[in-house]
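Counting begins at 1 with the first residue of the sequence. Nothing here was measured: the structure is a model prediction, and the numbers come from that model.
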Amino acid sequence: KDEKEGKQIEAADFDILETTLVAIREVWKKKILVILLTLAGFLVALIFINIKGNSVQYYSSATLFSAVYGSYSESNEGVAVMNRYADLIKSSRVCNRAAQSLADFNITASDLQKMVSAGMIRVGGASTKSTSYGYKLTISVYSDSEMRVLPITNAMASAFAEELNDLTGSSAIQVMDEATAYASFNTLNVFLWLLIFPVAAFILTCGVIFVLAFFSPWVRSV
């Protein structure tokens, strides 16, 4: 009985192997279809890139910190204010202050508020929990204009610091590092998308042909 079962298992394994070989052969027989659909994936990638659009973005940052000479408690109070009121970066008061120094660039407070809402102006390092306060906050700005990114960064950092100082009635919060340089990057990784679509089309096409052949009810021979 054990010998019979062993032979049945061997026969089943052989059938699976043979069916797998048949399915692989079917994929090879339809290689022209695979190539055409892979090329179609490449064309879809080009269309996607054209629709999505690829542009250059510029990034810069400035940092704020709290320090009062000879007063540890006032410095700590400034740190607490920076963290608790980080959301003030999107307030009309902060944006109005910044817009006043950006008049030459025709940037309004409304423009700045929209940038904050879109995540193009951010405050990093802040926490509402006293155990994880950030002692140095970073104002980050993303812009599609290399002429505007530095002025916007410095204007927002200064306006934010001034507004927080008005809130506490002190001058503890200061701009530690102004933005003096910017970085640039593409909003879309063209090479990556040109690779993803054709590879996905190739794998999907081969997979469908293989599965259809493997589970086909028709009897075939290698």
Side-chain angles (χ1 to χ4, degrees), residues 7-62 87 89-90 95 105-108 110-125 138-153 156 179 181-222:
K7 290 182 178 179
Q8 289 177 342
I9 293 173
E10 289 179 2
D13 291 341
F14 180 79
D15 287 343
I16 292 174
L17 177 61
E18 186 174 2
T19 304
T20 300
L21 293 175
V22 169
I24 293 173
R25 185 170 179 234
E26 190 68 16
V27 173
W28 177 252
K29 285 170 62 178
K30 291 183 169 60
K31 56 183 176 293
I32 300 300
L33 176 62
V34 173
I35 293 172
L36 290 175
L37 290 179
T38 301
L39 291 175
F42 181 79
L43 293 176
V44 170
L46 292 176
I47 295 171
F48 172 81
I49 291 169
N50 186 57
I51 294 174
K52 187 75 174 177
N54 184 31
S55 61
V56 178
Q57 283 276 311
Y58 301 92
Y59 163 82
S60 66
S61 64
D87 284 346
I89 192 71
K90 63 186 177 184
C95 292
F105 296 93
N106 295 319
I107 298 174
T108 66
S110 177
D111 295 332
L112 295 173
Q113 286 181 305
K114 288 177 182 177
M115 290 181 69
V116 175
S117 298
M120 298 177 71
I121 298 177
R122 308 172 186 171
V123 177
T138 302
I139 311 297
S140 303
V141 175
Y142 298 83
S143 173
D144 55 5
S145 170
E146 60 181 320
M147 300 297 293
R148 294 183 174 188
V149 65
L150 292 179
I152 291 175
T153 306
M156 288 298 290
Y182 59 81
S184 62
F185 59 93
N186 290 318
T187 57
L188 199 67
N189 190 328
V190 175
F191 177 77
L192 180 63
W193 288 108
L194 287 176
L195 183 65
I196 288 176
F197 277 89
V199 169
F202 175 82
I203 294 174
L204 183 61
T205 304
C206 291
V208 170
I209 295 173
F210 181 90
V211 169
L212 291 177
F214 190 88
F215 293 102
S216 173
W218 297 98
V219 178
R220 298 186 183 183
S221 171
V222 177

Query - Pairwise side-chain contact, Y142 with R122, heavy-atom cut-off 4.5 Å (strictly under) - result: yes
Report task. Spell out, as yes or no, whether a donor-acceptor pair under 3.5 Å connects the side chain of T138 to the backbone of S140. Result -> no
Report task. Mind checking side-chain contact (heavy atoms from CB on, under 4.5 Å) for S110 and listing every partner two or more places apart, or none if nothing turns up? Result -> T108, K114
Query - Sequence-distant partners of S60, side chain to side chain donor-acceptor pair (under 3.5 Å), two or more places apart - result: T153
Requested in this report: Would you indicate whether F105, at its atom CZ, is surrounded by more than 12 heavy atoms from other residues, nucleotides or ligands within a distance under 6.0 Å?
Outcome: yes
Query - Spacing of CD belonging to Q57 relative to OG belonging to S184, to within rounding of 0.5 Å - result: 10.5 Å
Query raised in the report: Rounded to the nearest 0.5 Å, how far apart are CG of L192 and CG of L195?
Result: 6.5 Å
Report task. Answer whether the closest heavy-atom distance between the side chains of F210 and T20 falls below 4.5 Å. Result -> yes
**Report entry** Selection residues 35-55 - residue pairs positive for ring-ring contact (aromatic ring centres under 6.0 Å, His included), sequence neighbours left out
**Finding:** F48-W193, F48-F197
**Report entry** Side-chain touch I35/L39, heavy atoms, less than 4.5 angstrom
**Finding:** yes
Query raised in the report: Looking at CG of L112 and OG of S117, how far apart are the two atoms once the value is rounded to the nearest 0.5 Å?
Result: 11.0 Å
Requested in this report: Check side-chain contact (heavy atoms from CB on, under 4.5 Å) between Q113 and all other residues, then give those that pass, not counting sequence neighbours.
Outcome: S92, C95
Report summary line: Across all chains, not counting sequence neighbours, the side chain to side chain donor-acceptor pair (under 3.5 Å) partners of Y182 are E146
Query - Straight-line distance of T38 OG1 to L43 CG, nearest 0.5 Å - result: 11.0 Å
Report summary line: CZ (R148) and CD1 (I107) are apart, to the nearest 0.5 Å, by 4.5 Å
Report task. Side-chain contact test, heavy atoms from C-beta onward, threshold under 4.5 Å: evaluate it for F202 versus C206 and give yes or no. Result -> yes
Query raised in the report: How far apart are the closest heavy atoms of A201 and L37, and which atoms are they?
Result: CB-O, 3.4 Å
Query raised in the report: For atom CZ of F185, is the number of surrounding heavy atoms from other residues, nucleotides or ligands below 6.0 Å larger than 12?
Result: yes
Query - Test item: M120 and V141 side chains (from C-beta on) under 4.5 Å apart, heavy atoms - result: no
Report task. List the steps, then state whether side-chain contact (heavy atoms from CB on, under 4.5 Å) holds for I49 with L194. Result -> CA-CA 9 Å; I49 291 169; L194 287 176; 3.9 Å; yes
Query - Within-4.5 Å side-chain heavy-atom neighbours: V208 and L212 - result: yes
Report summary line: For N186, the side-chain contact (heavy atoms from CB on, under 4.5 Å) test, sequence neighbours excluded, returns N54, V56
Report task. Starting at CD1 of I121, measure out to CD1 of I89 and round the result to the nearest 0.5 Å. Result -> 7.0 Å
Query raised in the report: Considering residues at least two apart in sequence or located in another chain, which fulfil the side-chain contact (heavy atoms from CB on, under 4.5 Å) criterion with K31?
Result: W28
